[in-house]
Chemist: 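One structure, pasted below without further comment.
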Amino acid sequence: MTIAVQQKNSSAVLVNSLVFFLLSYFFVIYLNNLFSIFLALIMGFDATLYYYGFDVSGDWTTRSIFTVYLIGPFITLLSGIVFEIFYRKSKEDQSRVKLFYLWVYIISYTWFFGNMIIGAFFYFGPGVAFETVQLSMAYRILIALVALLILFFLGYRSTKNIYYTANLYYQELENAARKSFLLNQVLWPVILGYIFIILYKAPNIAIFQYFDMYIMAFLFLFVIAMFINVKSITQISFRGDNFKAFINYNYLVLLVIIILVLRIGLASGLSFNI
């Protein structure tokens, strides 16, 4: 394979993965926000959805706090489990949709367990419920440690899942190419995606004291765990006949449309009330 072909392949891997990373991010975050708003409406609250988050207004009780701030994030744990199952069933396919499944389950797990870790120490998300019942710091630390270990384990065991996305581009993933592939398929999309999310939320990124960005930063723990496990898997060959490295512009256009709709449409907020 020539240097020019290698660069073309790497660019296709990176761009496609970044596009699906961002599509998955919007899916997971707005799923979480809309589900939390739904729970708030059940509790009799009014809510407003913005492009950078949501706001709930009303008279809080212990029950409503637990419902919105503790039960709410569990929708992302559920989506993580469901989409990991979807991915495992389709991992040998050569459809790029499986990149969406992959990133949805990775971001879902990160958002749920990251919420538990941040909530253990700060007044955000589940932390509001922990503070309401005056949960002791010992239990909070235990919750954070368990969540941290689970997230690390999920990343560690996801290395092979990432490798199977190589069948979109290559018939065989050689040992020497594994780290390079992971860089383009995972690390660079996470870094560039994180930067884009910061720009997307500007100038309101500090509304939640950056806690939402701290949660997303746990994606790097997930990635580190995958790289630690990189040598445990031998050379992989794939079945198929459609090994082509190209940028899928259809999904790129879809991403641009979604960004514009959300950023412009939710700039002033979308109100929900009973």
Chemist: Is there side-chain contact between Phe220 and Ile191, with at least one heavy-atom pair below 4.5 Å?
Modeler: yes
Chemist: Go through the side-chain N and O atoms of Lys98 and Asn167 and say whether any donor and acceptor fall under 3.5 Å apart.
Modeler: yes
Chemist: How long is the span from the CD1 atom in Ile81 to the OH atom in Tyr109, to the nearest 0.5 Å?
Modeler: 5.0 Å
Chemist: Only pairs under 3.5 Å count here: list side-chain donor-acceptor contacts from residues 123-139, not counting sequence neighbours, and write none if there are none.
Modeler:
| unit_1 | atom_1 | unit_2 | atom_2 | d |
| --- | --- | --- | --- | --- |
| Glu131 | OE1 | Arg140 | NH2 | 3.0 |
| Thr132 | OG1 | Val128 | O | 2.7 |

Chemist: What's the spacing between Ile215 CD1 and Asn115 CG if we round to 0.5 Å?
Modeler: 3.5 Å
Chemist: How many angstroms lie between atom CG of Leu168 and atom OG of Ser95, to the nearest 0.5 angstrom?
Modeler: 8.0 Å
Chemist: Is there side-chain contact between Thr76 and Leu31, with heavy atoms separated by less than 4.5 Å?
Modeler: no
Chemist: Using side-chain heavy atoms (C-beta onward) and a distance below 4.5 Å, is Ser57 in contact with Phe45?
Modeler: no
Chemist: Step through the shown structure and confirm whether more than 12 heavy atoms of other residues, nucleotides or ligands are within 6.0 Å of CH2 on Trp60.
Modeler: yes
Chemist: Once rounded to the nearest 0.5 Å, what's the spacing between atom CG of Leu148 and atom CD1 of Ile143?
Modeler: 13.5 Å
Chemist: Just do the side-chain contact (heavy atoms from CB on, under 4.5 Å) check on Phe152 and Leu221 with the steps written out, would you?
Modeler: CA-CA 6 Å; Phe152 183 88; Leu221 174 67; 3.8 Å; yes
Chemist: Check whether any side-chain heavy atom of Met213 sits under 4.5 Å from a side-chain heavy atom of Tyr194, and report yes or no.
Modeler: yes
Chemist: Look up atom CZ in Phe20 and atom CG in Leu252, then write down how far apart they are to the nearest 0.5 Å.
Modeler: 10.5 Å
Chemist: Side-chain contact, heavy-atom cut-off 4.5 Å: Leu192 with Val15?
Modeler: no
Chemist: For Trp103 and Phe21, run ring pair (Phe, Tyr, Trp, His ring centres under 6.0 Å): C-alpha distance rounded to whole Å, both residues' side-chain angles, the deciding distance at 0.1 Å, then the answer.
Modeler: CA-CA 6 Å; Trp103 279 119; Phe21 171 88; 5.0 Å; yes
Chemist: Determine which pairs satisfy salt bridge (charged side-chain N to carboxylate O under 4.0 Å, His left out) with at least one residue from residues 106-129, sequence neighbours left out, and list them in order.
Modeler: none
Chemist: Could you pull out the closest heavy-atom pair between Asn248 and Asn16, with the gap in Å?
Modeler: N-OD1, 3.0 Å
Chemist: With rounding to the nearest 0.5 Å, note down the distance linking OG in Ser24 to CD1 in Ile107.
Modeler: 5.0 Å
Chemist: Does the distance from a Lys or Arg side-chain N to an Asp or Glu carboxylate O, for Arg157 and Glu84, drop under 4.0 Å?
Modeler: yes
Chemist: Apply side-chain contact (heavy atoms from CB on, under 4.5 Å) to Asn250 and Leu254, showing your working.
Modeler: CA-CA 6 Å; Asn250 292 334; Leu254 175 62; over 6 Å; no
Chemist: What about the rings of Phe218 and Phe113, do their centers lie closer together than 6.0 Å?
Modeler: no
Chemist: If Ile, Leu, Val, Met, Phe, Trp and Tyr residues are connected whenever their side-chain heavy atoms lie under 4.5 Å apart, and connections chain through other members, are Val253 and Phe27 in the same group?
Modeler: no
Chemist: When you group the ILVMFWY residues by side-chain heavy-atom contacts below 4.5 Å and let the links chain together, are Ile106 and Leu149 in the same group?
Modeler: no
Chemist: If I compare all heavy atoms of Val104 with all of Ser79, which pair ends up nearest, and what's the gap?
Modeler: CG1-O, 4.5 Å
Chemist: Between Thr159 and Tyr156 (side chain of the first, backbone of the second, donor and acceptor by atom type, cut-off under 3.5 Å), is there such a pair?
Modeler: yes
Chemist: Can you find a heavy atom in the side chain of Leu187 that is under 4.5 Å from one in the side chain of Leu182?
Modeler: no
Chemist: Run the side-chain contact (heavy atoms from CB on, under 4.5 Å) test against Val256 and tell me which residues pass, sequence neighbours left out.
Modeler: Leu260
Chemist: Hydrophobic clustering (ILVMFWY, side-chain heavy atoms < 4.5 Å, transitive) - are Tyr251 and Tyr249 grouped together?
Modeler: yes
Chemist: With sequence neighbours excluded, tell me which residues meet side-chain hydrogen bond (donor to acceptor under 3.5 Å, both in side chains) with Tyr87.
Modeler: none
Chemist: side-chain contact (heavy atoms from CB on, under 4.5 Å) for Trp111 and Met216? Distances and angles first, verdict last.
Modeler: CA-CA 7 Å; Trp111 188 256; Met216 286 299 295; 4.0 Å; yes
Chemist: Count I, L, V, M, F, W, Y as connected when their side-chain heavy atoms are under 4.5 Å apart, and connections chain through other members. Are Val28 and Val261 then in the same cluster?
Modeler: no
Chemist: Side-chain contact test, heavy atoms from C-beta onward, threshold under 4.5 Å: evaluate it for Phe38 versus Ile42 and give yes or no.
Modeler: yes
Chemist: For Ile162 and Leu102, what are the C-alpha separation, side-chain angles and deciding distance, and is it a side-chain contact (heavy atoms from CB on, under 4.5 Å)?
Modeler: CA-CA 8 Å; Ile162 299 294; Leu102 177 77; 3.4 Å; yes
Chemist: Do we see a donor-acceptor contact under 3.5 Å between the side chains of Tyr105 and Ser158?
Modeler: yes
Chemist: May I have the list of side-chain donor-acceptor pairs in residues 195-208 shorter than 3.5 Å, sequence neighbours left out?
Modeler:
| unit_1 | atom_1 | unit_2 | atom_2 | d |
| --- | --- | --- | --- | --- |
| Tyr200 | OH | Tyr30 | OH | 2.9 |
| Lys201 | NZ | Asp212 | OD2 | 2.4 |
| Asn204 | ND2 | Tyr51 | OH | 2.7 |

Chemist: For the rings on Phe86 and Phe83, is their centre-to-centre separation under 6.0 Å?
Modeler: yes
Chemist: Would you say Ser64 and Thr67 are linked by a side-chain donor-acceptor pair, where the criterion is simply a distance under 3.5 Å?
Modeler: no
Chemist: Taking side chain as C-beta onward, heavy atoms only, is Tyr164 less than 4.5 Å from Asn161?
Modeler: no
Chemist: Can you name the closest pair of heavy atoms from Asn32 and Gly72 and give their distance?
Modeler: OD1-O, 3.9 Å
Chemist: Restricting to ring pair (Phe, Tyr, Trp, His ring centres under 6.0 Å), what partner residues turn up for Tyr52, sequence neighbours left out?
Modeler: Tyr50
